[in-house]
There are 2 protein chains.
Amino acid sequence: MDKQTITIYDVAREASVSMATVSRVVNGNANVKPATRKKVLDVIEKLDYRPNAVARGLASKKTTTVGVIVPDVTNMYFAQLARGIDDVATMYKYNIILTNSDSNNEKEVKVLNTLLSKQVDGIIFMGNEINGKLREEFKRTKTPIVFAGSVDEEDLYARVNIDYVAAVQEEVKNLIDRGNRRVAFVCGPLEQAINGKFRLKGYKQALKSAGIPYDEKLVFETDDTYKTGTLLQPALMAVNATAAMVTDDELAAGIMNGMSDADVKVPDDFEIITSNDTKLTEMVRPKMSSITQPLYDIGAVAMRLLTKLMHNEPVDEKNVLLPYGLMKRESTK
Amino acid sequence: MDKQTITIYDVAREASVSMATVSRVVNGNANVKPATRKKVLDVIEKLDYRPNAVARGLASKKTTTVGVIVPDVTNMYFAQLARGIDDVATMYKYNIILTNSDSNNEKEVKVLNTLLSKQVDGIIFMGNEINGKLREEFKRTKTPIVFAGSVDEEDLYARVNIDYVAAVQEEVKNLIDRGNRRVAFVCGPLEQAINGKFRLKGYKQALKSAGIPYDEKLVFETDDTYKTGTLLQPALMAVNATAAMVTDDELAAGIMNGMSDADVKVPDDFEIITSNDTKLTEMVRPKMSSITQPLYDIGAVAMRLLTKLMHNEPVDEKNVLLPYGLMKRESTK
DNA sequence: GATTTAAGTGAAAACGTTTTCAATTTGCTG
DNA sequence: CAGCAAATTGAAAACGTTTTCACTTAAATC
């Protein structure tokens with residue numbers, strides 16, 4: 001407990017300079033005579049002095065730490081985003097406080113507040129349902145926030161995404177063009193804007209363009225889990241769907257395996273296209289065709305954007321859309 | 001920038017008490033008259049005061065933050081551990097600074113030092129090669145450290161694992177008993193003690209018990225990636241292996257898919273057993289048989305152990321071994 | 001060599017808490 | 001109602017930095 005810590009004051013005394021000077025050399029301030037700098041550096045080395053980041057944070061009001069709120073790191077989609085975030089954070093000398101929210105609103109609010117109390121310099125938020133309470137909390141803080149892979153209907157916050165509407169529309173169109181008249185839309189909670197307002201919109205637009213009436217029975221609102229996917233086959237068959245546009249890879253994998261287990265051949269009897277292009281798409285058999293998103297980059301760009309915000313640099317566009325694509329694998333014809 | 005923050009002093013003035021009293025009510029200290037407590041609480045509410053955790057950390061020398069060093073969150077094995085850690089950390093009011101090391105020694109040392117400079121109250125380390133420099137750094141800090149899913153040959157640090165030797169031995173024995181005379185051992189870097197000293201030992205012991213001579217050609221040292229796994233089929237066939245004990249699920253999935261793509265039937269022509277029992281084992285086809293490890297629990301128990309260390313509570317056993325098992329799925333006969 | 005300017009340095013005041021210690025109140029006991 | 005212990009409170013000193021401002025010193029100019 002009584003660890004005798006070496007402070008800046010010890011260094012100052014030992015090098016017979018003032019704390020201010022030590023602080024200057026530690027922070028690479030130019031206004032120090034080379035000779036003094038060397039002297040101080042030597043003492044630092046000798047005493048093995050390590051600046052205390054907490055004290056530094058209090059004095060400078062910068063913690064070089066950012067908060068990252070994620071639904072669940074255990075989901076590859078978010079894990080890959082998180083990795084992108086951490087890598088560029090490290091690049092800019094920031095660290096990340098990572099917290100799992102389970103997309104639970106109460107937890108999100110709570111964790112946001114503890115992050116703010118810890119004086120993080122910025123926040124990256126993932127999660128797509130920004131309801132009243134949470135939005136309020138977002139609004140009252142001056143700490144920069146950016147959303148990663150998460151939409152903001154109100155267009156208030158910086159964020160980086162792909163064009164979900166266009167991507168889904170395009171792929172559903174492809175499905176239709178290949179002869180599928182009954183394309184299911186299997187998604188996570190519709191309350192989440194990314195599903196309910198964006199992807200669903202793309203789905204509807206594709207139907208409309210093809211002159212196919214929208215049939216509510218074809219949309220399946222789920223919880224985005226593998227398990228749920230495996231149980232969906234009977235329901236999908238019951239509505240005569242011949243293809244599905246799925247919004248999550250684990251969910252899609254579940255559906256696909258459920259189909260295979262029920263002897264429904266993918267893609268011959270049922271086509272599946274998924275949305276996140278995580279590693280998983282390559283690991284399952286058949287490999288899943290997917291909308292491609294630069295997951296790592298979404299995280300990386302979001303973090304980069306956040307550094308700009310934190311340093312008061314101008315940002316040209318706060319709604320960043322990264323390019324998407326289609327990776328045709330084996331779950332579509 | 002000039003965000004007018006409400007400090008404890010503002011609250012004290014407004015409630016006409018001293019800072020000390022405010023501090024007491026904020027920290028739930030019992031020695032406050034109920035009436036004063038209420039008065040202070042009201043002012044806190046009214047002013048919307050939020051304690052500054054950085055100042056608090058400086059004064060109390062506790063940051064309620066722990067550092068977590070992980071090779072790569074993008075690997076499900078670690079993601080699941082991390083999730084366990086975060087959940088119990090939250091339970092005990094801690095937050096987690098998560099950093100990816102890529103098992104790179106230089107990065108590990110660097111990140112450890114920045115975590116220490118940030119005055120984390122404890123550290124959870126994942127990674128299995130504790131070489132000179134890193135070990136040195138570990139030794140010189142008084143900050144509690146626990147290893148999660150990571151062995152320590154020197155038996156110095158608290159850690160939570162399963163009995164890798166026994167688990168591997170048991171499963172290799174099963175493979176042999178089923179008639180496999182040529183069982184390959186496919187692992188990550190042998191430099192890492194968990195592979196080179198523990199699992200390999202179990203493998204050798206199983207061979208020995210069965211009177212099968214150890215053949216170096218049957219051990220494949222890899223980098224634990226899916227991609228590498230997919231390329232291994234020819235080499236495995238070349239040495240006439242009929243089964244493989246694999247140390248990582250993604251790697252195993254790669255091998256299995258490589259086999260299937262080369263028309264080698266799993267498990268009829270080649271049996272595979274993997275080691276981590278991540279979600280992935282259920283998603284691939286055939287589903288992979290695996291040594292089961294309570295991944296989430298390893299993380300959770302590690303964090304729980306760390307809280308004890310941080311609070312100077314006695315710990316009965318610093319080398320915690322959680323139970324393992326075997327989940328027979330479809331990649332073994 | 002006197003004067004001006006720039007470079008280098010230090011003293012001390014923040015930063016927003018916790019914590020120690022002493023002082024004051026309060027509640028009991030007899 | 002004196003006397004004492006217990007319960008409440010406040011003043012002020014940490015905690016380990018950064019940062020401002022004024023002061024020296026060294027260099028540059030004429």
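All values below were derived from every heavy atom in this structure, side-chain atoms included, with hydrogens, water molecules and symmetry-related copies excluded. All values reported here derive from a predicted model rather than from experimental measurement. Proteins get letters first, then strands, A, B, ... in listed order; numbering begins at 1 in each.
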So how far off straight is the helix from C:dG1-D:dC30 to C:dG30-D:dC1, going by the axes through five pairs at either end, to 10°?
30°
Closer than 3.5 angstrom, by distance alone: can the side chain of B:Asn128 be matched with the main-chain N or O of B:Ile194 as a donor-acceptor pair?
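Not confirmed, B:Asn128 side chain does not pair with B:Ile194 backbone.
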Where the side chain of A:Glu154 meets the backbone of A:Leu156, is there a donor-acceptor pair that is under 3.5 Å apart?
no
Between [Y] and [X], is there a side-chain donor-acceptor contact under 3.5 Å, judged purely by atom types and distance?
X	Y	answer
A:Lys118	B:Asn95	yes
A:Ser101	A:Ser103	no
A:Tyr296	A:Asp87	yes

If you look at every strand shown and take non-hydrogen atoms under 4.0 Å, does B:Val54 touch a base, only sugar-phosphate, or nothing?
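No contact.
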Which part of the nucleic acid does A:Arg50 contact within heavy-atom distance under 4.0 Å: base, sugar-phosphate only, or nothing?
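Sugar-phosphate contact only.
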Could you state the interatomic distance from CZ (A:Arg24) to OG1 (A:Thr36), rounded to the nearest 0.5 Å?
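Those atoms lie 10.5 Å apart.
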Atom CG of B:Leu115 and atom NZ of B:Lys110: how far apart are they, to the nearest 0.5 Å?
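Here the interatomic distance stands at 12.5 Å.
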Are A:Thr21 and C:dT9 close enough that a side-chain N or O sits under 4.0 Å from OP1 or OP2?
no
Has B:Tyr9 got a side-chain N or O lying under 4.0 Å from the OP1 or OP2 atom of D:dA11?
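No.
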Could you tell me how far apart [X] ([atom1]) and [N] ([atom2]) are, to the nearest whole angstrom?
X	N	atom1	atom2	answer
A:Ile6	D:dG16	CD1	P	11 Å
B:Tyr49	C:dT17	OH	C1'	7 Å
B:Arg13	C:dG16	CZ	C1'	14 Å
B:Asn31	C:dA23	CG	P	18 Å
B:Gln119	C:dT17	CD	P	19 Å
A:Lys62	C:dG16	NZ	C1'	16 Å
A:Lys118	C:dG16	NZ	P	19 Å
B:Leu47	C:dG16	CG	P	14 Å

Given the side-chain rings of A:Phe125 and A:Phe138, with only the six-membered ring counted for Trp, is the space between their centroids under 6.0 Å?
yes
For nucleotides 11-15 of chain C, give me every protein contact, N/O to N/O, under 3.5 Å, one pair per line with atom names.
residue	atom	partner	partner atom	Å
C:dC15	O2	A:Ala59	N	3.4

Under 6.0 Å from the CD atom of B:Glu45, do we count more than 12 heavy atoms belonging to anything else shown?
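Incorrect, the count does not exceed 12.
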Earlier contact from the 5' end, DNA chain C, for B:Ile8 and A:Ala30:
A:Ala30
